[in-house]
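Some notes on the structure that comes next.
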2 protein chains.
Amino acid sequence: MSSTTSARPPGRPRAGVNAVVFAATLRTVRELGYARATVDRIAAAAGVAKTTVYRRWPSKGALIVDCLLDAFGPAPLEGAGQAELMSSTIHWIAAKISEPGVGDAFAGVFSDAVSDPALREILSTRLQDPYRIALQDALDEPENRVLFFIDVVVGTLLHRMGMTGEPMVDADVAALVEMVLPHFAG
Amino acid sequence: MSSTTSARPPGRPRAGVNAVVFAATLRTVRELGYARATVDRIAAAAGVAKTTVYRRWPSKGALIVDCLLDAFGPAPLEGAGQAELMSSTIHWIAAKISEPGVGDAFAGVFSDAVSDPALREILSTRLQDPYRIALQDALDEPENRVLFFIDVVVGTLLHRMGMTGEPMVDADVAALVEMVLPHFAG
DNA sequence: TTTTTTCGCTACCTTGGGTATCGATACCTG
DNA sequence: CAGGTATCGATACCCAAGGTAGCGAAAAAA
């Protein structure tokens with residue numbers, strides 16, 4: 001039991017500041033927007049040196065992705081049938097994106113990934129894949145259908161957020177559900 | 001006839017290089033990606049000084065928006081009924097986004113707009129509004145419905161482009177049409 | 001006490017958007 | 001042809017922000 005897992009690496013242990021940095025990240029993004037939420041400012045808001053941030057995350061994008069993972073948590077895949085499952089998933093991700101800072105951070109890191117293949121890989125692997133796989137299992141749909149589902153739902157929510165600066169209102173989220181469900185129920 | 005429209009402003013007239021700059025923009029974005037397509041490089045590719053570019057467009061984002069307007073052209077609002085009209089519109093914008101450089105430029109400028117309210121205003125006013133108004137007229141739908149339609153279609157296409165780096169394949173565009181049409185036909 | 005690793009700090013590099021300045025040039029008007 | 005005006009290209013520059021290097025200090029384990 002002690003051969004595979006090293007009981008503890010030597011040297012000074014890391015301070016448990018990840019949660020503090022995540023909170024500072026969302027707070028800074030909420031207050032200043034994504035672009036002005038520089039790593040300098042995030043570190044300052046967390047009471048941590050900028051070099052400490054870069055010692056833990058290789059880039060700003062990687063920090064944001066981990067922050068979003070922490071903010072989203074596991075998908076609550078609850079629901080009797082396939083329809084209820086998709087509906088609750090759409091409402092869940094819409095609500096998360098509506099949380100202060102989360103939507104801006106999501107849209108911002110997605111934006112950066114457009115012209116940064118390395119970040120796109122991180123975003124796809126660390127953020128999208130876990131939820132995609134969980135959805136494949138829960139919905140019993142093939143990969144390409146789930147990817148299309150994600151494109152529609154997340155793409156729509158982020159486009160609204162990007163064009164207006166405000167998250168999508170509940171009525172439109174409901175319309176999104178009503179549009180998506182029949183397409184997959186058939 | 002000569003009192004309202006000044007026949008010509010005094011001074012050296014502008015050289016007709018807009019088309020050259022637009023072409024150089026798309027070519028540079030296609031070859032290097034959005035982030036590495038700097039104004040410096042675009043100007044060099046167009047055989048023009050960087051200061052000349054900034055004399056005509058107030059920012060890189062404004063240049064990209066005008067370039068996209070030039071690339072899109074007017075929406076071909078042809079089609080007998082509402083269904084055919086929406087279908088042809090979706091296929092048209094999907095095809096445009098698939099053109100080399102256009103999709104990257106679109107996703108890139110959209111990304112920048114997320115945390116740049118001034119650019120968001122330009123994007124909304126100069127790019128989205130004309131097509132939105134034309135669609136409102138052609139489809140006879142209220143503004144919020146047309147905005148929702150645009151969020152779904154453009155958001156989905158851009159999300160696919162941003163996550164994979166490749167435009168959406170025809171089969172998925174067809175699925176998008178099949179998902180959207182019933183929602184608006186009813 | 002020595003070793004090992006992280007910490008905060010400061011200084012620095014690089015890229016890229018955007019601006020200021022200046023001589024040269026093209027065009028119109030008198 | 002001379003003068004006025006506005007653009008052109010070129011160079012130099014400012015600034016913000018992502019990211020790195022080096023260093024002494026501090027926190028553990030051996």
Q: Measure the distance from OH on Y34(A) to C1' on dA16(D) and round it to the nearest whole Å.
A: 15 Å
Q.
If I take atom OH from residue Y131(A) and atom CD from residue Q136(A), how far apart are they, to the nearest 0.5 angstrom?
A. 15.5 Å
Q: Cation-pi check, K96(A) to F106(A): give yes when NZ or CZ is under 6.0 Å from the six-membered ring centre and within 45° of the ring axis, no otherwise.
A: no
Q. Rounded to the nearest Å, what distance is computed from the CD1 atom of residue I42(B) to the P atom of nucleotide dG18(C)?
A. 11 Å
(Q) If you assign each of K50(A) and A15(A) to its closest nucleotide in DNA chain C, which residue comes earlier from the 5' end? (A) A15(A)
Q: Establish, with yes or no, whether the OP1 or OP2 oxygen of dA6(D) is under 4.0 angstrom from a side-chain nitrogen or oxygen of R56(B).
A: no
**Q.** Protein-nucleotide distance (N18(B), atom CG; dC8(D), atom P), rounded to Å
**A.** 9 Å
Q) Would you say the side chain of R14(A) and the base of dT6(C) hold a donor-acceptor pair, judged only by whether the two atoms sit under 3.5 Å apart? A) no
Q.
What is the separation between atom CG on D116(B) and atom C1' on dG18(C), rounded to the nearest whole Å?
A. 13 Å
Q) Taking only N and O in the side chain of T38(B), is any of them less than 4.0 Å away from OP1 or OP2 of dG16(C)? A) no
**Q.** Separation of atom CG in L63(B) from atom P in dG18(C), rounded to whole Å
**A.** 10 Å
Q | Polar side-chain contact T51(A)-dC9(C) base: donor and acceptor under 3.5 Å | A | yes
Q. Should the pair K60(A)-D112(A) be classified as a salt bridge under the 4.0 Å nitrogen-to-oxygen rule?
A. no
Q) More 5' along DNA chain C: A37(B) or P13(B), using each one's nearest nucleotide? A) A37(B)
Q) Whole-Å distance between dA17(D) P and I64(A) CD1? A) 14 Å
**Q.** Atom-pair distance (OH on Y54(A); P on dC7(C)), nearest Å
**A.** 16 Å
**Q.** Donor-acceptor under 3.5 Å (T28(A) side chain, A24(A) main chain)
**A.** yes
Q. Does any donor-acceptor pair link the side chain of K60(B) with the base of dG18(C) at a separation under 3.5 Å?
A. no
Q.
Less than 6.0 angstrom separating the ring centers of F110(B) and H159(A), yes or no?
A. yes
(Q) Counting only side-chain nitrogens and oxygens, does R55(B) get under 4.0 Å of the OP1 or OP2 atom of dG9(D)? (A) no
(Q) Side-chain N or O of R36(B) versus OP1/OP2 of dG16(C): is the shortest distance under 4.0 Å? (A) no
(Q) Please determine whether any donor N or O and acceptor N or O are separated by less than 3.5 Å between the side chain of R12(A) and the base of dT5(C). (A) no
